[in-house]
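Step one of this worksheet: look at the structure below.
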Protein chains: 2
Amino acid sequence: MKQITVYDIAKEAKVSVATVSRVLNDTAPVRASTREKIEAIMQKYQFQPNANARSLLKKETGIIGIILPDITNPFFPEVFSGAEQEGRESGHTFFLCNTTGLHDKESEFLTIMQEKRVDGILFMGGRINLKDCHPALIQEVVEHSQKIPMVLVNGNLKDSGITRVVTDEYAGTVLGVKHLIEIGHTKIGFIGGESHMSTTAVKLRAFKKTLKDAGLAVREDWILPDSFSVESGRTQMEVLLNRKDRPTAVCCVNDFTAIGAIKAAVEQGVRVPEDISIVGFDDIPLAHHVIPELTTVSQQANQLGRTAVKVLRELMNKEKIKKIYSLEPELIVRQSTRLIIE
Amino acid sequence: MKQITVYDIAKEAKVSVATVSRVLNDTAPVRASTREKIEAIMQKYQFQPNANARSLLKKETGIIGIILPDITNPFFPEVFSGAEQEGRESGHTFFLCNTTGLHDKESEFLTIMQEKRVDGILFMGGRINLKDCHPALIQEVVEHSQKIPMVLVNGNLKDSGITRVVTDEYAGTVLGVKHLIEIGHTKIGFIGGESHMSTTAVKLRAFKKTLKDAGLAVREDWILPDSFSVESGRTQMEVLLNRKDRPTAVCCVNDFTAIGAIKAAVEQGVRVPEDISIVGFDDIPLAHHVIPELTTVSQQANQLGRTAVKVLRELMNKEKIKKIYSLEPELIVRQSTRLIIE
DNA sequence: GCTGCGGTTGAAATCCGTTTCATAAGCAAC
DNA sequence: GTTGCTTATGAAACGGATTTCAACCGCAGC
């Protein structure tokens with residue numbers, strides 16, 4: 001079935017394509033009778049202008065590209081949701097690329113987005129947040145960001161010149177640890193997170209600093225990074241519980257690991273929060289549905305997505321903007337932590 | 001910064017654009033020396049062909065559009081993941097639209113995808129699965145499906161002529177209910193699901209039929225549809241538990257509601273599975289991380305996504321295909337159900 | 001009757017690739 | 001030397017919109 005074009009419409013209406021375009025976009029006055037005639041014909045053929053042709057000329061696609069490491073982690077759908085809500089305001093739609101940990105997909109997707117001429121990119125990369133990320137790779141991302149407006153979401157690329165929207169993970173971790181200290185804990189462990197990722201590094205730094213500031217000992221043997229998965233939280237918690245000398249509270253790198261940790265505890269007959277307190281990070285939707293409900297630090301994922309798009313839009317409009325936008329995380333106290341009773 | 005085009009490359013290489021295009025796509029032999037010269041120049045300017053221009057001519061975008069009701073429900077990211085894995089094989093990338101229950105967004109997104117000339121659409125609609133969906137709306141979707149290859153994922157539009165990929169929800173529910181019966185339950189309730197959605201209707205039908213076939217009574221007062229959320233499972237379970245005469249097992253419309261139901265039970269001091277057995281539907285990743293681990297019917301979400309793309313691709317290639325592909329769900333017995341002990 | 005102006009409209013250029021058709025060059029065969 | 005064939009290349013058309021520039025119409029004002 002042949003696609004209807006403005007030419008077909010113009011021909012049937014006995015006008016020029018320019019006029020058709022004008023009624024399509026309402027960009028110049030058209031006599032009412034002409035307009036109606038054209039509109040009727042468009043209606044009749046169910047005319048739908050070809051966005052590719054339009055983009056070609058306007059150099060604008062109305063598309064925002066999103067690159068993220070794992071759509072299966074509920075944190076990201078939440079960010080996406082926020083981004084989409086905000087994108088609606090400006091009529092943007094989304095191109096989604098999920099790298100699923102395949103780091104080399106990142107460059108591939110960046111290239112594809114370039115070619116498709118998306119209006120902007122929201123980058124929630126995995127690879128570039130490796131502590132030992134190869135400079136050439138960073139260089140590549142930076143180069144892309146110079147061609148297309150790009151916002152790094154929760155990325156750590158400090159001096160890249162790329163605009164960033166982040167939650168203050170350091171401050172968030174401090175919040176969580178302080179909470180544990182305030183309710184009387186002195187023996188606190190840390191579970192989860194790939195140790196070569198910068199998130200993990202930041203959180204661990206905050207964790208140790210807070211303990212020291214409170215005059216508490218940092219027990220390296222209670223610090224068990226691994227990965228970000230539920231399984232990881234479970235196995236590391238098992239390790240921790242099998243120690244003769246064990247902490248009365250643990251801080252987890254994210255909610256997934258916290259949920260795994262709770263599971264491990266329950267399986268070993270260790271009660272949460274009576275015997276051990278656990279705090280997570282992210283506040284994924286399920287955090288307040290697990291048993292016990294998880295005390296955690298909210299990243300405000302939805303808000304993060306919204307802000308990122310808002311900032312990206314400013315960037316696209318070439319407005320002067322700050323280089324970094326930081327959202328304050330928030331401590332959500334629920335049931336997985338409680339006052340220590342010696 | 002001006003975009004580099006094939007013309008720029010051609011000019012600098014002192015060849016015609018046709019030749020440049022030929023090395024770009026390897027569509028005709030080019031003298032080795034010429035090819036190298038052109039490639040060097042492309043490299044130098046980091047040339048990236050404009051996909052819009054290409055699509056305009058080739059009538060092919062390499063994009064698959066996905067429309068889904070709620071990206072925040074872990075079932076959908078899982079489907080998306082599968083779709084993306086499969087799409088990679090054929091070099092397809094994805095355009096994602098999340099209707100978040102706003103039914104009128106569906107038509108809007110369909111229109112946008114039409115205009116963007118996506119190669120195909122994966123439709124996991126909400127609205128069209130309403131039992132009392134307005135015929136005009138269905139008509140609209142059908143019309144779209146005639147212009148662009150479209151696959152309905154888990155949709156119920158029986159005689160629309162649109163190709164469907166579904167999990168057999170009826171059979172799945174039977175599996176769940178039979179399991180409960182086999183382990184000795186005779187008093188079984190049903191929780192969750194918007195009653196005007198077809199999924200709910202199908203599952204309820206299977207539920208009642210299975211009970212009848214086993215010679216058990218169908219107690220309408222134990223059937224409590226509501227919505228698909230965790231909260232819904234929680235509140236409906238509370239209602240159920242407050243009855244004097246209550247079931248010993250419940251079948252939930254999905255894992256979300258099952259998780260909510262477990263939560264409600266635990267809060268009331270009712271033990272799962274000792275006092276009441278619960279089975280879910282979907283097998284979201286968290287199903288085996290909650291406590292107790294959830295017995296559920298797996299929809300094989302990832303597989304569903306993969307199959308849908310596979311079928312869509314056949315459709316795009318105009319191959320002859322079946323009108324419906326049905327995936328067999330699978331019962332996953334974990335900890336939330338167990339032998340009844342009178 | 002002529003000038004000027006605002007509202008409408010059309011012709012043609014443009015965006016950036018791909019593809020067709022024709023031409024040119026190089027070489028073997030007669 | 002001419003014919004015939006293969007391989008390499010270019011000119012120009014094409015896809016489907018938007019936009020610029022100029023022209024045209026009708027009418028008020030002088």
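This structure is a prediction, so every number in the text was calculated from the model and none was measured.
A residue-by-residue look at A:V17 and A:A28 shows that A:A28 has its nearest nucleotide of DNA chain C further toward the 5' end. Taking for each of B:L56 and B:S16 the nucleotide of DNA chain D with the nearest heavy atom, the 5'-most of the two is the partner of B:S16. Nearer the 5' end of DNA chain D, as judged by each residue's closest nucleotide, is the contact made by B:A18, out of B:R117 and B:A18.
In this structure, the CD1 atom of B:I38 is 11 Å from the C1' atom of D:dA8, given to the nearest Å. What separates CD of B:E60 from P of D:dG16 is a distance of 15 Å, to the nearest Å. Computed from coordinates, the B:K58 NZ to D:dA13 P distance equals 22 Å when rounded to whole Å. Rounded to an integer number of Å, the gap from A:R31 CZ to C:dG7 C1' is 9 Å. Between the CD atom of B:E36 and the P atom of D:dA8 there is a distance of 13 Å, rounded to whole Å. Rounded to whole Å, atom P of D:dA17 lies 14 Å from atom NZ of B:K116. Rounded to an integer number of Å, the gap from CG of A:N50 to P of C:dC16 is 16 Å. Rounded to whole Å, atom P of C:dG17 lies 9 Å from atom OH of B:Y7.
Side-chain contact, B:N154 with B:Q299: a donor N or O sits under 3.5 Å from an acceptor N or O.
Note on B:T19: every side-chain N or O is 4.0 Å or more away from OP1 and OP2 of D:dT9. Contact check, A:K14 against C:dG10: no side-chain N or O comes under 4.0 Å of OP1 or OP2. For A:T34, a side-chain nitrogen or oxygen approaches OP1 or OP2 of C:dT9 to under 4.0 Å. Contact between the side-chain N/O atoms of A:T5 and the OP1/OP2 oxygens of D:dG16 is not found at any separation under 4.0 Å.
The CD1 atom of A:I121 lies 11.5 Å from the CG atom of A:L315; values are rounded to the nearest 0.5 Å. Rounding to the nearest 0.5 Å places OG of B:S90 at 9.5 Å from CG of B:D119. One finds the NZ atom of B:K11 at 11.0 Å from the NZ atom of B:K14 (value rounded to the nearest 0.5 Å). Rounded to the nearest 0.5 Å, atoms NZ (B:K116) and CD1 (B:I148) are 12.0 Å apart.
Among the protein residues, B:V20 comes within range of no part of the nucleic acid, since none of its heavy atoms lies under 4.0 Å from any strand. Contacts of A:N25 with the nucleic acid, taken as non-hydrogen atoms under 4.0 Å apart, involve only primed sugar atoms and P, OP1 or OP2. Across all strands shown, B:I4 has heavy atoms under 4.0 Å from sugar-phosphate atoms exclusively, and none from any base.
The side chain of A:L57 lies closest to D:dA17 when the candidates are D:dA17, D:dT19, C:dG17.
Counting atom types as modelled, A:R22 pairs a side-chain N or O with a base atom of C:dG10 as donor and acceptor under 3.5 Å.
When the local axes at the two ends of the helix from C:dG1-D:dC30 to C:dC30-D:dG1 are compared, using 5 base pairs at each end, they differ in direction by 60° after rounding to 10°.
Checking each of B:L122, B:V153, B:I321 against B:V311 for a side chain to side chain contact (heavy atoms under 4.5 Å, CB included) leaves exactly one that passes, namely B:I321.
Between B:E60 and B:R54 there is no salt bridge, since no side-chain N of the basic residue sits under 4.0 Å from a carboxylate O of the acidic one.
Scored by the ring pair (Phe, Tyr, Trp, His ring centres under 6.0 Å) test, B:F228 finds no partners at all (sequence neighbours excluded).
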